[in-house]
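The shown structure was predicted, so the numbers you read here are calculated from the model rather than taken from an experiment.
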Number of protein chains: 2
Amino acid sequence: MILINNQKYTTLLTELRYNCCMLKRTLAIQKALSESGYRITQPRRAVIEVILRARRSLSPEEVLARARKIDPSVSLATVYRTLDVLHEQGHLNRVRIGKKGYALVCSERELHFHLVCKRCRSVVELQPDRFSKALMTQLHNLGFAWQQNAIEIIGLCAKCNPAG
Amino acid sequence: MILINNQKYTTLLTELRYNCCMLKRTLAIQKALSESGYRITQPRRAVIEVILRARRSLSPEEVLARARKIDPSVSLATVYRTLDVLHEQGHLNRVRIGKKGYALVCSERELHFHLVCKRCRSVVELQPDRFSKALMTQLHNLGFAWQQNAIEIIGLCAKCNPAG
DNA sequence: AAAATTTTGAGAATGATTCTCATTAACAAT
DNA sequence: ATTGTTAATGAGAATCATTCTCAAAATTTT
């Protein structure tokens with residue numbers, strides 16, 4: 001076993017793991033879209049990758065800026081169009097935070113919770129657990145067909161919460 | 001005991017109960033706002049009453065139209081301003097449904113779930129149960145201070161769901 | 001590779017939301 | 001009740017996010 005006791009390497013490794021995980025998710029969403037009859041284009045690929053890779057919720061303008069680093073031709077219209085597609089397919093939610101603006105939270109997995117901080121816009125994912133399973137059962141029994149992979153809970157994270 | 005076997009009276013009674021319940025809630029929200037230093041004005045009262053009384057999610061324009069039946073002077077600006085206040089205080093959520101438009105869901109009680117149908121905009125409330133209690137505990141343990149009374153789950157209700 | 005179809009970029013058009021400011025209403029203190 | 005202080009309001013103008021338009025380009029199918 002190799003032990004590297006170095007902050008730099010640890011950070012790099014964490015980053016690598018994160019990117020790898022998000023790449024998988026990006027591909028999963030692309031596959032899902034493709035199977036629903038949507039074409040997987042360069043701009044869409046870029047937008048999806050940007051939203052998934054982000055550790056916090058981005059505004060459409062921010063998504064555009066980051067997506068252009070991958071594909072400089074992407075337009076704002078396409079960002080909005082892709083957001084619509086993702087939302088329609090249940091991969092993305094838009095929830096209002098504060099007086100202005102929304103949180104965009106994207107996910108390819110089954111029903112689970114996202115904790116969105118309205119101050120720093122960070123997004124923490126609650127692992128799908130017994131609660132979400134029980135909730136799914138309850139919804140199912142009511143005949144309610146939910147159309148979102150994630151449920152957003154808005155508030156202040158531990159860091160941004162003055163009282164905590 | 002008096003038994004009235006008449007559809008008309010049953011409907012009336014149900015309606016009465018509903019109105020009574022919503023009146024209580026309206027007052028509860030007014031009290032909460034007042035305690036937070038907001039003034040309880042006629043237009044605010046009207047807007048809050050309209051949103052709470054509605055059995056489905058309304059658009060701001062719809063809220064305006066209904067509020068004007070209570071207080072004809074209410075302006076659209078005030079509707080938006082009141083929505084902001086309610087949202088800031090955690091009484092109201094705005095979540096996107098479909099390509100255009102939002103659901104406005106208002107609540108004065110503790111953390112619980114709302115099922116919003118994106119087709120008929122109906123809102124069904126899940127009774128606060130062991131799941132929401134457990135969820136609250138989990139959030140608390142993470143140091144996350146949620147700022148909404150209700151969590152909206154978007155989808156199709158049993159009536160609007162073609163598969164169900 | 002060509003055909004069929006969807007998607008795109010650019011910028012104009014739209015329309016929801018916010019802003020401005022003089023006026024009014026709510027609340028606290030008297 | 002009256003007054004003073006201050007927040008809240010209505011009206012419409014201003015802003016800005018979002019959608020629309022359409023010819024051109026990209027994707028997928030044949």
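Close to D/dA8, at under 4.0 Å from its OP1 or OP2, lies no side-chain N or O of B/Arg81. At least one side-chain nitrogen or oxygen of A/Ser73 sits closer than 4.0 Å to the OP1 or OP2 atom of C/dG9. In this structure, B/Arg94 reaches the C/dT17 phosphate: one of its side-chain N or O atoms is under 4.0 Å from OP1 or OP2. Between C/dA25 and B/Thr41, no contact under 4.0 Å exists linking OP1 or OP2 to a side-chain N or O. Side-chain nitrogen and oxygen atoms of A/Arg44 include at least one within less than 4.0 Å of the OP1 or OP2 phosphate oxygen of C/dT7. Between A/Ser75 and the phosphate of C/dA10, there is no side-chain N or O to OP1/OP2 separation shorter than 4.0 Å.
With rounding to whole Å, A/Leu64 atom CG is found 13 Å from C/dG11 atom P. Atom CD1 in B/Ile40 sits about 20 Å away from atom P in D/dT6, given to the nearest Å. C/dT18 atom P lies 11 Å from atom NE2 of B/His87, rounded to whole Å. For the pair A/Glu88 CD and D/dT19 P, the interatomic distance rounds to 12 Å; values are reported in whole Å. Rounded to an integer number of Å, the gap from B/Leu83 CG to D/dT9 P is 12 Å. In this structure, B/Arg45 places its CZ atom 8 Å from P of C/dA26, rounding to the nearest Å. Rounded to a whole Å, the CG atom of B/Leu76 is 14 Å from the P atom of C/dC19. In this structure, the CD atom of A/Gln42 is 15 Å from the C1' atom of C/dG9, given to the nearest Å.
For the side chain to side chain donor-acceptor pair (under 3.5 Å) with A/Tyr38, the lone residue among A/Arg44, A/Glu88, A/Gln30 that qualifies is A/Glu88. Put simply, the residue from B/Ile153, B/Ile154, B/Leu156, B/Leu126 that forms a side chain to side chain contact (heavy atoms under 4.5 Å, CB included) with A/Phe144 is B/Ile153.
Atom CZ of A/Arg66 sits about 12.0 Å away from atom CD of A/Glu49, to the nearest 0.5 Å. Here the NZ atom belonging to B/Lys133 is positioned 11.5 Å from the NE2 atom belonging to B/His112, to the nearest 0.5 angstrom. Remark: A/Thr82 OG1 to A/His87 NE2 distance equals 14.5 Å, nearest 0.5 Å.
Toward the 5′ end of DNA chain C lies the nearest nucleotide of B/Tyr80, the other residue of the pair B/Tyr80 and B/Pro43 mapping further downstream. Comparing A/Ala77 and B/Arg39 against DNA chain C, the residue whose closest nucleotide sits nearer the 5' end is A/Ala77.
Distance from the side chain of A/Arg96 is smallest to C/dT17 among C/dT17, D/dT27, C/dC27. Minimum atom distance to the side chain of B/Tyr38 is reached by D/dA8, of the listed D/dT9, D/dA8, C/dT5.
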